[in-house]
Number of protein chains: 2
Amino acid sequence: MNTKRDQILDTALKLFVNNGFHATPTSKIAKDAGVATGTLFHYFKTKEELINTLYLETKDNLTNSLLENVNVQETLKAKFRQVFFNYIFWAVDHPNHQQFYTSYSNSPFITNLTKEHGLQRFQFIYELIEKGQDEDILKAVPIDLLVEAMQGLLNGIIKHLMENPEKMNEEKYQNDAFKLFWDTIKG
Amino acid sequence: MNTKRDQILDTALKLFVNNGFHATPTSKIAKDAGVATGTLFHYFKTKEELINTLYLETKDNLTNSLLENVNVQETLKAKFRQVFFNYIFWAVDHPNHQQFYTSYSNSPFITNLTKEHGLQRFQFIYELIEKGQDEDILKAVPIDLLVEAMQGLLNGIIKHLMENPEKMNEEKYQNDAFKLFWDTIKG
DNA sequence: TTTTGAATCGACTAATCAGTCTACAAATCT
DNA sequence: AGATTTGTAGACTGATTAGTCGATTCAAAA
């Protein structure tokens, strides 16, 4: 249900990633999605609202994935390992969403309001890090710095993986990649 | 000399960073730069050529800065330290260029040709890494992975620094930041 | 001095875009 | 059933955009 709405969202995502916002007219989104422009504007009042919706739904989707299979009883390192691979597998499974998210999370198109709204959802990562710092497992540097560093590093690794998808299933590669990550944050 | 051309480039950079490509008409660039649209198109055949020029000149500027004061006689770690801070200080000194570069280096606006052309200039970084791997100083992981990881991490650190510019001159912060970087790549 | 071509200007145009309007059909409610 | 809301369509419009064109200025070469 709500198939038209979803078709519009899916099509817009693809077009935005491949051509950018400005080269993607609403008329083309509607046409490729197989609906009329009236329908598009029925679901989204403006083009900007469509973009923001796309961004928020993508972020929700990612955030939910990050938490999967994170076992409370495991060590902190094991938890980070799980989150790390959740992120990576999500990116590989949803390449368009991943590219959309990294390309546009710093874009002036994504309004400040939207950014803030999205930010709060990473709360549990912050808690994980704080705990790690208290226990002297992670580096005692400003937490915001650590978060940005992690996110940047992850982006780099994912970028590499996107260009070398065959590595994804090599165990050695996986261990290497996580070692980069863990060495960065561990104290 | 060529002041008009430079005015156009400077103005375009500012507008692109603050408003994005699509919300920045050539007419506004010309107006803000204090020239006529005809003049803009005299120097740049198309808007896209203007964008690509901006990207390439920015990349040149960055690349040149990276090499400054890298002393051949120093240890590998010291060389990396120098490059690391060259990047960071460049970013702080040229915030608009920095934001333009990171925001748009993955953008569909930057044509593939331009990307490739720009890529070759990081040659010396690759050589530095290879040497480090041969000497068992750096991690023995695929070199492209290491490069992407470094770049991602650096982006994250810079992003944090942009939001906390007062930290820039704290020695502790500098050491913390470089430690993140070095721990990531060292073997 | 004369000639030439680059630099500059801004009015203009053809194309395109975001969003509107009207109409009708399907679903949901009373 | 009848009434009201929601979904869908696509032609249309007013505004905006990238890029053009012919006129003018200016500096340097011949």
Side-chain angles (χ1 to χ4, degrees), chain A residues 1-58 96 100 103-104 107-114, chain B residues 1-58 96 100 103-104 107-114:
Chain A
M1 111 209 20
N2 243 338
T3 51
K4 301 261 167 168
R5 199 188 107 109
D6 291 345
Q7 277 161 242
I8 294 167
L9 246 16
D10 285 356
T11 306
L13 181 71
K14 247 173 259 164
L15 290 172
F16 287 153
V17 167
N18 291 324
N19 308 111
F21 292 129
H22 99 298
T24 306
T26 50
S27 56
K28 187 168 171 57
I29 299 172
K31 198 176 174 188
D32 284 19
V35 305
T37 61
T39 306
L40 188 154
F41 283 100
H42 171 72
Y43 286 108
F44 309 97
K45 274 200 283 294
T46 63
K47 186 183 185 179
E48 202 178 324
E49 185 178 310
L50 167 61
I51 292 172
N52 284 341
T53 302
L54 215 39
Y55 181 78
L56 278 184
E57 295 197 357
T58 297
N96 281 336
F100 180 83
S103 289
Y104 297 122
S107 157
F109 296 111
I110 308 296
T111 67
N112 288 334
L113 204 70
T114 305
Chain B
M1 157 172 354
N2 243 339
T3 51
K4 300 261 167 168
R5 197 188 107 108
D6 290 345
Q7 277 161 241
I8 293 167
L9 245 18
D10 284 356
T11 307
L13 181 70
K14 248 172 259 163
L15 290 172
F16 286 154
V17 166
N18 291 324
N19 310 112
F21 291 129
H22 102 298
T24 306
T26 51
S27 58
K28 186 166 171 58
I29 299 172
K31 198 176 174 189
D32 284 18
V35 305
T37 60
T39 307
L40 189 153
F41 284 101
H42 171 71
Y43 286 108
F44 309 97
K45 274 199 282 294
T46 64
K47 187 182 183 182
E48 201 177 326
E49 185 179 310
L50 167 61
I51 293 173
N52 284 340
T53 302
L54 215 40
Y55 181 78
L56 278 185
E57 295 196 358
T58 297
N96 281 336
F100 179 81
S103 289
Y104 297 122
S107 157
F109 296 110
I110 308 296
T111 66
N112 288 335
L113 205 68
T114 303

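Just the heavy atoms: all of them, side chains too, but no hydrogens, waters or symmetry mates, feed the values below. Each chain gets a letter, A, B and so on, in the order its sequence line appears, and its residues count up from 1.
For the pair Phe21(A) CZ and dT16(C) C1', the interatomic distance rounds to 19 Å; values are reported in whole Å. Rounded to whole Å, the distance from CD1 on Ile8(B) to C1' on dT8(C) is 10 Å. One atom, NZ of Lys31(A), and another, P of dT16(C), lie 12 Å apart when rounded to the nearest Å. As a whole-Å value, the separation of Phe44(B) CZ from dA7(C) C1' is 14 Å. Put simply, CZ on Phe41(B) is 16 Å from P on dA11(C), counting in whole angstrom units. To the nearest angstrom, P of dA18(C) lies 15 Å from CD of Glu49(A).
Looking at heavy atoms from C-beta onward, Arg5(A) lies in side-chain contact with Thr53(A) at the 4.5 angstrom threshold. Inter-residue side-chain proximity for Phe21(A) and Phe21(B) is flagged as unmet; no heavy-atom pair is nearer than 4.5 Å. Residues Leu54(B) and Phe44(B) form no side-chain contact, since every pair of their non-hydrogen atoms from C-beta on lies 4.5 Å or further apart. In this structure, the side chains of Leu50(B) and Leu9(B) come closer than 4.5 Å at one or more pairs of heavy atoms.
Summarising the geometry of Tyr43(B) relative to Glu49(B), their closest heavy-atom pair is O-OE2, 4.0 Å, with the distance given to 0.1 Å. Shortest non-hydrogen contact noted between Ile51(A) and Phe100(A) is O-CZ, 4.2 Å.
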Which pairs would a plain distance check flag for residues 24-35 of chain A, meaning a side-chain donor or acceptor within less than 3.5 Å of a matching protein atom at least two apart in sequence or in another chain?
| unit_1 | atom_1 | unit_2 | atom_2 | d |
| --- | --- | --- | --- | --- |
| Thr24(A) | OG1 | Leu15(A) | O | 3.4 |
| Thr24(A) | OG1 | Gly20(A) | O | 2.6 |

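Helix bend of the helix from dT1(C)-dA30(D) to dT30(C)-dA1(D): the angle between its two end axes, each built from five pairs, comes to 10° after rounding to 10°.
Listed nucleotides dG19(C), dG10(C), dT8(C) differ in distance to Thr37(B); the shortest reach to its side chain belongs to dG10(C). In this structure, of dC9(C), dA7(C), dG19(C), it is dA7(C) that holds the atom nearest to the side chain of His42(B).
In the 5' to 3' direction, nucleotides of DNA chain D lying under 4.0 Å from heavy atoms of chain B begin and end at dT17(D) to dT20(D).
Checked against the 6.0 Å centroid threshold, Phe16(B) and Tyr104(B) do not count as a close aromatic pair.
Between Tyr43(B) and dA6(C), a side-chain N or O to OP1/OP2 separation shorter than 4.0 Å is absent.
One finds the OG1 atom of Thr37(B) at 13.0 Å from the NE2 atom of His42(B) (value rounded to the nearest 0.5 Å).
Along DNA chain D, the nucleotide nearest Thr24(B) and the nucleotide nearest Gly38(A) are compared for position; the residue whose nucleotide lies closer to the 5' end is Gly38(A).
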